[in-house]
Protein chains: 2
Amino acid sequence: MTGTASRPTLEAVAERAGVSRATVSRVVNGGDGVREPLAERVRRAVEELGYVPNQAARSLVTRRHDAVAVVIAEPETRVFADPFFALQLRGISKELTAHDSQLVLLLTEGRDDHARVGRYLAGGHVDGALVFSLHLDDPLPGLIHGAGVPTVFGGRPGWGDGPPDAVPAVYVDCDNRGGAREAVRHLVGLGRTRIAHITGALDQTSAVDRLDGFRDVMADAGPELVVEGDFTPAGGERAMRELLERRPDVDAVFAANDLTAAGALRVLREHGRRVPEDVAVIGFDDMLAVAEQTDPPLTTVRQDIEGMGRLMARLLLRRIDGGVAEPGPEDSSGGVVLPTALVRRASA
Amino acid sequence: MTGTASRPTLEAVAERAGVSRATVSRVVNGGDGVREPLAERVRRAVEELGYVPNQAARSLVTRRHDAVAVVIAEPETRVFADPFFALQLRGISKELTAHDSQLVLLLTEGRDDHARVGRYLAGGHVDGALVFSLHLDDPLPGLIHGAGVPTVFGGRPGWGDGPPDAVPAVYVDCDNRGGAREAVRHLVGLGRTRIAHITGALDQTSAVDRLDGFRDVMADAGPELVVEGDFTPAGGERAMRELLERRPDVDAVFAANDLTAAGALRVLREHGRRVPEDVAVIGFDDMLAVAEQTDPPLTTVRQDIEGMGRLMARLLLRRIDGGVAEPGPEDSSGGVVLPTALVRRASA
DNA sequence: CTGAAAGCGCTAACAA
DNA sequence: TTGTTAGCGCTTTCAG
């Protein structure tokens with residue numbers, strides 16, 4: 001079977017099986033009301049001809065696509081240094097596969113791409129969208145809403161607690177604030193008193209929430225103990241350097257994620273500070289590829305990233321299957337927040 | 001514009017502009033033979049109605065999908081610990097976007113998934129496929145070939161130098177063997193004499209080629225200097241431990257990739273060996289997130305991963321546009337092999 | 001240069 | 001239970 005030879009159609013199968021197209025269609029789609037001997041004949045014809053339904057024709061009439069868009073709106077190169085997205089993707093992929101749905105990946109690299117994504121979503125190519133890594137000023141939510149496509153967000157969207165109008169946004173997030181609190185409390189329990197925080201990119205809610213968690217516990221921490229980072233190792237290095245300058249007596253650092261912590265660790269070593277003896281360090285994410293590889297291995301806040309991906313996909317599929325109007329039991333509240341857990345290793 | 005309200009059709013636009021559907025179609029698709037005043041009227045109608053063509057209907061008649069499948073066949077969790085795929089994906093995404101093509105991601109986790117992928121590809125959902133990380137015993141090439149879809153492979157496929165029959169497979173790879181040679185020669189130039197190699201997963205051609213490169217230079221190396229790894233940090237650790245046991249006098253290690261090298265580095269430190277004084281270490285890939293973060297930073301062989309992704313996409317699009325039968329200038333040879341470059345950091 | 005009309009392959013009423 | 005018959009929205013000859 002070489003080349004571009006046109007695939008067999010329903011019609012061909014029907015002819016071969018000696019039945020009508022409708023009957024073949026029924027068998028192909030679950031074969032409910034077809035008597036066994038006939039159904040069997042159809043199945044054999046399908047087999048012999050190597051028939052595969054033409055999705056375009058099917059979509060045209062059903063208005064279903066069995067495809068979901070995954071939009072990753074990360075203008076920085078961060079997406080690709082950070083295993084975070086890969087893990088979510090895996091969770092999503094598993095869930096979609098189980099549901100016979102395809103994953104259309106939309107990577108955006110900047111402003112211009114947003115329009116393209118909006119157009120794609122509006123074009124009715126997919127049944128729904130999973131959207132990640134929104135930034136506060138992102139025009140995407142508006143575009144998506146305008147496209148009228150069922151959507152689930154990864155991470156709490158940044159427009160306060162609801163989208164522009166009354167429809168509650170569905171999202172999945174981890175308990176950033178609670179996790180941060182637990183991390184900082186652990187540091188306090190270690191007897192540390194000059195605890196600093198290197199934030200993530202503050203145009204993302206996850207970074208803001210983690211900072212809030214830090215402040216919940218360290219309400220009286222001086223402003224010089226909070227340095228802005230950007231979720232990258234380089235940002236972590238920069239911030240750590242500044243921190244050591246501002247407060248040479250710092251004895252603990254809570255970093256907004258593991259990558260940031262890894263950068264901080266390097267600067268601390270460079271400055272001859274021992275970890276955890278002189279400075280205790282805690283990260284966030286429990287990205288194994290990072291947290292287990294640092295020296296010393298990183299104490300960090302674990303979140304179930306792959307699980308979040310799965311859950312997002314599940315919520316979306318439920319919305320799609322049930323129709324946009326009917327929220328399921330899990331998403332009635334708008335957002336689902338998953339718990340975190342402190343993982344102790346050597347760094348704190 | 002809320003809800004699932006049905007999108008405007010060509011017909012609606014035609015009516016609004018006071019022309020026929022055919023004319024609207026012409027304008028929407030480049031507007032070749034339409035006189036300006038009319039074309040303008042159509043464009044305005046499109047704008048006002050927010051018309052977006054229905055891809056399913058279009059595909060049904062054109063048999064084009066403007067979509068490409070990216071198949072990543074990595075049963076292990078490796079895909080997700082390794083930024084490698086993310087980088088390729090970015091390159092691919094950029095190129096496809098520029099060509100107005102969509103990226104459908106097919107992740108496979110095992111045998112069962114292969115059938116699903118084969119079915120999908122055969123189903124005529126996409127115009128072509130980009131396939132990665134094939135293993136030697138992989139049934140995928142056969143399925144893909146049977147599906148009759150234009151395909152470009154990432155990495156030299158493992159079936160010798162050609163696919164089952166005469167059609168030469170198109171692939172993009174880096175010069176694994178040459179890069180390995182350069183790395184090992186560098187070690188030799190450093191005066192090292194007991195140079196070991198930790199291989200990658202030997203069911204992949206990249207690992208085999210790198211091993212061959214090692215042997216090209218170290219033809220007389222004892223078999224105990226070659227230990228099998230699997231491209232993961234854990235594999236690197238295991239291999240390094242075994243190596244130290246077999247040959248405590250080892251003074252250099254060429255690891256099959258950066259992740260492996262990172263694992264080896266950790267074991268060396270654990271054993272009190274100084275790098276590079278006691279043991280020089282070189283990796284492969286120049287994955288910045290890894291190579292720059294190790295202690296000491298890793299000397300490694302760079303390959304332009306994102307560039308490979310772009311090139312793969314470009315070759316595929318050319319095949320699609322030109323028809324399967326007409327190989328372009330770049331792919332006439334079957335495979336394209338990109339050069340590598342040694343990047344010196346502190347570890348060797 | 002523009003319009004009319006014929007499908008692309010499939011599903012879903014509706015009849016039989 | 002099975003077959004007949006309309007389209008889904010679009011492109012593309014073919015006339016005009």
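On a predicted model such as this, the values are computed, not experimentally measured, just so you know. Chain A is the first sequence line, chain B the second, and so forth, proteins listed ahead of strands; every chain is numbered from 1.
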Please give, in whole Å, the distance from C:dC8 C1' to A:Leu10 CG? 13 Å
Could you work out which one of D:dT11, C:dC8, C:dC10 sits closest to the side chain of B:Leu60? C:dC8
Would you check if there is a donor-acceptor pair between the side chains of B:His99 and B:Asp321 at a distance under 3.5 Å? yes
Quick check on D:dT11: is either OP1 or OP2 less than 4.0 Å from any side-chain nitrogen or oxygen of B:Ser25? yes
Rounded to whole Å, how long is the line connecting atom CZ of A:Arg64 with atom P of C:dT11? 13 Å
Verdict with reasoning, B:Val68 to B:Val126, per side-chain contact (heavy atoms from CB on, under 4.5 Å): CA-CA 5 Å; B:Val68 164; B:Val126 291; 5.6 Å; no
Rounded to whole Å, how long is the line connecting atom CD of B:Glu11 with atom C1' of D:dG7? 12 Å
Rounded to whole angstrom units, what separation is found between the CG atom of A:Asn54 and the C1' atom of C:dG7? 14 Å
Any chance the side chains of B:Arg63 and A:Asn54 put a donor and an acceptor closer than 3.5 Å? no
Please determine whether the number of non-hydrogen atoms from other residues, nucleotides or ligands lying under 6.0 Å from atom CD of B:Glu48 exceeds 12. yes
Start with the C-alpha distance between A:Ile92 and A:Leu130, add both sets of side-chain angles, then the distance that settles side-chain contact (heavy atoms from CB on, under 4.5 Å), and finish with yes or no. CA-CA 9 Å; A:Ile92 292 168; A:Leu130 259 18; 3.7 Å; yes
Look at the aromatic rings of A:Phe85 and A:Phe132 and report parallel, tilted or perpendicular, splitting at 30° and 60°. perpendicular
Could you give me the CA-CA distance, side-chain angles and deciding distance for B:Gln88 and B:Met308, then say whether side-chain contact (heavy atoms from CB on, under 4.5 Å) is met? CA-CA 7 Å; B:Gln88 298 236 44; B:Met308 286 175 52; 4.0 Å; yes
Distance, rounded to the nearest Å, where A:Gln55 contributes CD and D:dC8 contributes C1': 14 Å
Working for side-chain contact (heavy atoms from CB on, under 4.5 Å), residues A:Leu105 and A:Leu107: CA-CA 6 Å; A:Leu105 189 62; A:Leu107 261 25; 3.7 Å; yes
What integer distance in Å separates A:Arg41:CZ from D:dT1:P? 17 Å
Between the axis at one end of the helix from C:dC1-D:dG16 to C:dA16-D:dT1 and the axis at the other (five pairs apiece), what's the angle to 10 degrees? 40°
Please list each protein N or O that sits under 3.5 Å from an N or O in nucleotides 2-5 of chain D, with the distance.
residue : atom : partner : partner atom : Å
D:dT2   : OP2  : A:Arg35 : N            : 2.5
D:dG3   : OP2  : A:Ser20 : N            : 3.1
D:dG3   : OP2  : A:Ser20 : OG           : 3.2
D:dG3   : OP2  : A:Thr23 : OG1          : 2.5
D:dG3   : N7   : A:Arg26 : NH1          : 3.4
D:dG3   : N7   : A:Arg26 : NH2          : 3.4
D:dG3   : O6   : A:Arg26 : NH2          : 2.6

B:Arg43/B:Glu36 salt bridge by N-O under 4.0 Å criterion: yes
Tell me the interatomic distance from B:Arg63, atom CZ, to C:dC8, atom P, rounded to whole angstroms. 8 Å
Tell me: CG of B:Leu49 to C1' of D:dG9, nearest whole Å? 15 Å
